[in-house]
Structures are given as C-alpha cells and as structure tokens.
Amino acid sequence: MDWVFDGGRVSLDFVNTLRDRYADGRELLVSPAALSEWLALTGLASVPATADDLTFALVLRESIDRVARSEGSDADVRFLNETAAAVPLPVPQLGAAGRYLLDVPDPVPAAFAALAVDTIELVAAAPLIRVCAADDCGVRFLDASPKHNRQWCSMAKCGNRAKARAHYARTKGS
C-alpha cells in the first residue's frame with residue numbers, strides 16, 4: 001500500500017486513510033492486514049489486527065474526523081473519551097531508529113487509545129485543521145504555518161498543480 005503521512009499528526013494521518021473524500025472516498029484500510037500495516041508503519045502496534053479491529057478503526061476514524069473539524073456530536077466526543085480511557089497507556093518510549101513504542105498487553109486497542117488521546121490533545125490545543133483546497137484532494141492537515149494560511153496538503157503535489165493551472169489559465173489567452 002502506498003501510505004502517505006501528510007496530516008501533521010498521527011490522528012490526522014489516520015483520518016487520511018480514507019482518501020478522495022470529495023468523490024465518495026477511496027478506502028485504504030481495506031482489510032485487517034492493511035490496518036496492521038498502517039499501525040506498524042506509525043509505530044503504534046506491530047501485531048495482526050482482526051476484522052473486529054478494522055470495524056472499530058473505521059468508526060473511530062470517522063469520529064476523529066468529525067471532532068477534529070469541530071463537527072462532532074456529543075456521541076463522538078463520548079466515544080473518543082471512552083476509547084482514550086479504555087486502555088491505560090504506558091509512558092511512550094523510543095525504540096530503534098527513533099521509532100515510537102507502546103509496550104502494552106493489547107497493542108491494537110492501545111493504538112486506538114493513543115489515536116483518541118492524540119485527537120483530544122489536538123482539539124484541546126485549538127489548532128487550525130484544514131481540508132486541502134485542491135478540488136481533487138480532501139486531505140486533512142494541521143496548519144502550522146506562521147500566518148496560518150496554508151491551503152494545500154503539500155506544495156509539491158496539490159499546491160503545485162493549483163499554481164500551474166492558474167498560470168495556464170492566465171497565459172492561455174495570450
């Protein structure tokens with residue numbers, strides 16, 4: 001799978017596992033194996049996920065998305081709080097090559113708890129969470145730019161395409 005981590009926070013990267021939301025979405029978490037691969041790449045868990053884990057993950061992801069964009073219901077907030085509290089998290093540790101490690105008996109639920117905690121910390125800090133301005137993207141990202149005016153998930157991808165289209169439109173009639 002071609003995973004892209006461009007959200008600026010692990011919880012937003014998790015939300016971005018549903019790509020192309022502008023066009024009804026393109027699911028990247030298509031199987032428990034895909035969820036396991038994503039969790040391993042983030043360093044949150046390195047054990048096989050189950051079909052039940054995948055079902056829970058998809059519900060959690062959409063709840064995170066709504067809460068992060070200030071569109072979450074009381075039920076979404078309650079779900080995130082319950083998920084965050086479901087597994088007591090140990091103090092995070094750095095492993096080999098600076099990888100994030102959570103040494104817990106139930107790694108997948110602990111990973112979900114860590115995602116919920118990251119979302120809670122993110123929302124509590126009141127950052128600017130944006131949706132890429134490109135018509136054909138929809139990636140969610142943290143706007144940490146100095147002037148808080150970032151428009152695209154990536155200048156190399158969406159920003160460059162938008163600027164090229166604008167330039168072509170300006171010069172087309174010349």
Side-chain angles (χ1 to χ4, degrees), residues 1 3-22 24-95 99-133 137-145 148 150 153:
M1 186 69 61
W3 302 107
V4 178
F5 299 94
D6 47 14
R9 291 287 288 256
V10 69
S11 55
L12 294 177
D13 290 336
F14 185 54
V15 167
N16 290 333
T17 60
L18 179 61
R19 293 294 202 178
D20 305 330
R21 287 176 183 261
Y22 66 92
D24 298 327
R26 179 173 47 96
E27 184 61 70
L28 299 181
L29 298 178
V30 294
S31 67
L35 174 61
S36 296
E37 182 180 346
W38 188 87
L39 290 171
L41 287 172
T42 62
L44 291 173
S46 58
V47 298
T50 66
D52 287 343
D53 292 333
L54 179 59
T55 300
F56 188 88
L58 298 178
V59 172
L60 177 62
R61 178 187 65 197
E62 296 313 304
S63 184
I64 289 171
D65 183 41
R66 288 186 297 270
V67 169
R69 291 182 301 110
S70 301
E71 296 177 4
S73 66
D74 290 343
D76 286 320
V77 171
R78 191 170 41 258
F79 179 65
L80 283 179
N81 287 336
E82 290 169 359
T83 301
V87 178
L89 295 176
V91 175
Q93 309 243 339
L94 285 177
R99 297 205 34 135
Y100 183 79
L101 297 176
L102 288 177
D103 186 21
V104 293
D106 297 317
V108 175
F112 294 151
L115 288 166
V117 167
D118 187 65
T119 303
I120 291 165
E121 291 172 349
L122 176 66
V123 171
L128 292 173
I129 298 168
R130 302 214 189 267
V131 177
C132 184
C137 185
V139 164
R140 278 73 165 138
F141 64 89
L142 178 64
D143 180 359
S145 65
H148 301 293
R150 184 173 159 196
C153 63

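All figures in this text were calculated on a predicted structure; none of them were measured in a lab.
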Minimum heavy-atom distance [X]-[Y], with the two atoms named:
X	Y	result
V108	P48	CG2-O, 4.3 Å
L29	F14	CD1-CE1, 3.9 Å
R140	V15	CD-CG1, 4.0 Å
V30	L54	C-CD2, 4.3 Å
A49	L35	CB-CD2, 3.8 Å
N16	G7	ND2-CA, 3.9 Å

Evaluate side-chain contact (heavy atoms from CB on, under 4.5 Å) for L80 paired with S63, printing each intermediate quantity in order. CA-CA 7 Å; L80 283 179; S63 184; 4.0 Å; yes
Going by heavy atoms in the side chains, are I64 and S11 under 4.5 Å from each other? yes
Separation of F112 CZ from T83 OG1 (nearest 0.5 Å): 9.0 Å
Residue pairs involving residues 25-37 (criterion salt bridge (charged side-chain N to carboxylate O under 4.0 Å, His left out); sequence neighbours excluded): D20-R26, E27-R61
Audit row: T42, F5, side-chain contact (heavy atoms from CB on, under 4.5 Å) steps and yes/no: CA-CA 9 Å; T42 62; F5 299 94; 3.6 Å; yes
Does R9 pair with D13 as a salt bridge, N-O distance under 4.0 Å? no
Short side-chain donor-acceptor distance under 3.5 Å, D52 and T55: no
Passes side-chain contact (heavy atoms from CB on, under 4.5 Å), L28 versus W38? Steps please. CA-CA 9 Å; L28 299 181; W38 188 87; over 6 Å; no
Name all residues meeting the salt bridge (charged side-chain N to carboxylate O under 4.0 Å, His left out) criterion together with D76; count only those two or more places apart in sequence or in a different chain, and write none if there are none. R66
Show me the donor-acceptor pairs within less than 3.5 Å that the side chains of residues 121-132 make with the rest of the protein, sequence neighbours left out.
unit_1, atom_1, unit_2, atom_2, d
R130, NE, D143, OD2, 2.9
R130, NE, R150, O, 3.3
R130, NH2, D143, OD2, 3.3
R130, NH2, H148, O, 2.6

